[in-house]
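Given the structure is predicted, the values throughout are model-derived calculations rather than measurements. Order of listing sets the numbers, starting from 1, for every ligand and every atom in it.
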Amino acid sequence: MALEEKREKRPPVTPMMIEEEAALRNGSRGLPPGPWADAAGPRPRTTERHIAVHKRLVLGFAVSILALLAVTMIAVLLSVRFEECGAAADGPPRAGGNGSLSGVARQPPGAGQPLDRPEEEARGGEAAEEEEEEEEEEWQPRRELPPWARPRLPRHLRPLHYNLMLSAFMENFTFSGEVNVQLEVRNASRYIVLHAHRMHIEAVRVAEDKLAGGVRVARTFFYPQTQVFVVVLNRSLEVQRSYNLKIIYNALIENELLGFFRSSYVLHGERRFLGVTQFSPTHARKAFPCFDEPIYKATFKISIRHQATYLSLSNMPVETSVFEEDGWVTDHFSQTPLMSTYYLAWAVCNFTYRETVTKSGVVVRLYARPDAIRRGSGDYALNITRRLIEFYEDYFKVPYSLPKLDLLAVPKHPYAAMENWGLSVFVEQRILLDPSISSILYLLDVTMVIVHELCHQWFGDLVTPVWWEDVWLKEGFAHYFEFVGTDYLYPGWNMEKQRFLTDVLHEVMLLDGLASSHPVSQEVQQASDIDRVFDWIAYKKGAALIRMLASFMGHSVFQMGLQDYLTIHKYGNAARNDLWNTLSKALKRVGKSVNIQEVMDQWTLQMGYPVITILGNETTDNIIIISQERFVYDSDTKPKDPARGDNSYLWQIPLTIAVGNTSHISSEAIIWVSNKSEHHRIPALEEASWLLGNINQTGYFRVNYDIRNWKLLINQLTRNHEVISVSNRAGLIDDAFNLARAGYLPQNIPLEIMRYLSEEKDFLPWHAASRALYPLDKLLDRTENYNIFNEYILRQVASMYLKLGWPTNNLNKSLVQASYQHEELRREVIMLACSFGNKHCHQQAATLISDWISSNRNRIPLNVRDIVYCTGVSLMDEDVWEFIWMKFHSTTAVSEKKILLEALTCSDDRNLLNRLLNLSLNSEVVLDQDAIDVIIHVARNPHGRDLAWKFFREKWKILNARYGEALFMNSKLVSGVTEFLNTEGELRELKNFIKSYEGGAAVSFSRAVETVEANVRWQRLYKEELFQWLRKSLTQ
Ligand SMILES: [Zn+2]
């Protein structure tokens, strides 16, 4: 599963700069003459035309909203009628037996209620409670929880095979199903407990395989607390026999983002609907009764009956299709190999496709809305998918396991994508790509999401984690391979060696440096908690630990180990110790002996990470002192586990170290640091030589030095930075900024390091600086001395901005391949220049926007469009906002839509920002998954921060109802609107809100409080120190 990346960090234009540049507000007229002023021509007024366009838009909305209301009412009516039919069909409850079906005449949890009912209402009826109490009495004397009340399914049964027959009624968004589960009995029991949630069960039958007779069903009930359905039998099922459980049920195709849900798109002015599934991690139980835990692998045979105007898809290819006279068809899919429920999938849609075939004969198809397929928007994804399957087959030495792989591009999805085996689902913005209007960044996003999901076909689908505590095993690998796989496609990009650092390592160390972090392996039991494990710690820390491991094992041994691991555990489950054992054996084969489990347990079971301090010893030559402690941003924060102070944290750290002087750096040596403090002898440590730790930043930790060594390193960077590798240059920048932010280092050190950037021609160090500056910028952007900081940054950026200039041409494929680093560097520098208010940058953006409006031709270079749009909206008048708003509605290209929407959040007009916030919750205007981005982007804008924060608090109930179940989205929202709050007043508001709010996202809120506390603390302790140094530096 790929989460939405926030790869891009664009500090919105700052308040001071906007005032200075007020002249730009009336188009580009009144600009002072400058070297580029000629280019900035006047712009015609466009208000009238746009007002007219607007009326049409408003009218269009009104009509579509009325239509939606009508459709919803019809659907509700139909579902009520359907519900009545269902209840009538139940008849009076009969005791099952002799193969007859026992009716279950009870109010099902949720079914029959309005389509959009909130989660908490989904509870069983009174009758169910009585049954449950009756059953519980039997368990009380035994002093144990009855099997249905335990957080995990009881282990006495195991599903071997499911036959699932579904009928999808797209006209009223309901479906009915019949599931036959073949069960193996491990311990005798009268109870069958399996997951089922939010469905109406019509009939249940239990029969012994190979025997005609049924087993009488005494009663059945739902137990909503654990989302299970319980079948109580008159007699025990016997050990080592196999039984068949048949359940007939029906449910809604929900208008939400989980389970079997619906979404829609418009084709030729007509709204079309589709149904698709998202089962990971615990939502298969909403679509069919099942043993919804990853350990219960079984085979599945699925049939889907639907109107012939639709097509249906599932994990396996269609074996036969049976057409009926009334315009219905049933597709029977081939049987799957052994697999877990969470990556089972199906879809009912009227998409079209294009296809390709791999060398080994796997048929790959990309399905999307017909207009996108016709435009060729899926071709890029299709092409790289074929190559990536070949890459993984070669890398893992295990062939892709299914005959086909379909990629499905859907308009609405809670995650960027989901790796269902053989039927991976992607949100359109992460798979469709129109080469004529996509930036490199967009291409990179699309590429990496596809690489990620394909990796899961092996890591996750073929070999599945035993339980969700080790979700990082699959997500960490898939995230790590995003970089390895992209390197295969674009060999010159050095993703694993370079971009991994800024996008993964630096990013997650921000999160994991909070005292409220959690270990990468975290225990979970309750279904409602399981979504919680899908967070950046699992993905990014998981990936960073895997990269550290690969690096100290050596990449070829690591690869060999993975091949063994996949071969041994294919079609089964594995826990982290299985991986460690296999990797240790691989190491042993090449004559190395490291107890990988012992090392890695410290990194996966302890939260946080260490900061290593390397101190030169003034009395004894060649001896250094290396110490480790847990890195935390706010040392005042009470540790989460008070029994465990920060002092007790220890890691076995593979510290690589090298010695350098003005022109040369030694080859690296590895030192395993496992104590609080150790002395080590370093040969060839001379007077003027410096030490550098964590070579190429392969380790998951920070390194600090004594001030003398920092000064030597700064000196080296200024004189000849190329002696130090690109990745270490980026690493020094990130470490210095964060060590200073946490108070381990004086505030001036990172700013002094930055000075060498005027000579830096590599993208990565600039990118690291830009990302590290971002939180600092947000800490300062509403302070009265902000302009001093701003001025300092502008000075560092100015010369490189002049040197690189603006891109002129649009990108073609060969150019992307060849000049990725250069184009990304230019983009980064332009972004910094425009964000911090470089006048030329502002003029250039305004000119480009004006040209677009007056000519109605968009000639803005693709790679900087988002920067230009945002800068234009923030500097120019309301017409530009309206123009972008209109373009947002009229464009059909998903990549363009996304950046247009984000640009709207850059305005400094609070009325417009409020209008946008209010519109964001209208699903007809802004897709559900994009609404969160709108709110977060408004919060990043200094003019919008308090608006977004207020909006968030006022709409919390709506937002929580909408995203509460997809916890990842909720926590992204919570951190997005709170992470830059930094005053005592805002901290109080946050705490008061948490006191008064009702339920949900508790973990996200405790993290938010700690972040804001650290922000407030930094303001109190270090802000003045920073400004003092900046003042002095600017006057020198
Ligand atoms: Zn994933």
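- For the side-chain contact (heavy atoms from CB on, under 4.5 Å) test, residues two or more places apart in sequence or in another chain that qualify with L153 are V193, H195, V228, F291, E293, Y296.
- Other residues, nucleotides and ligands place more than 12 heavy atoms under 6.0 Å from the NZ atom of K397.
- With the Zn ion (ligand 1) as the vertex, N of M1 and NE2 of H456 span 90° to the nearest 10°.
- Taking the centre of each ring, F288 and Y162 come in below the 6.0 Å mark.
- Residues satisfying the ring pair (Phe, Tyr, Trp, His ring centres under 6.0 Å) test with Y353, not counting sequence neighbours, are Y367.
- The closest approach of H452 to the Zn ion (ligand 1), by N/O/S atoms, is made by NE2.
- Residue-level check: among N/O/S atoms of E475, OE1 sits closest to the Zn ion (ligand 1).
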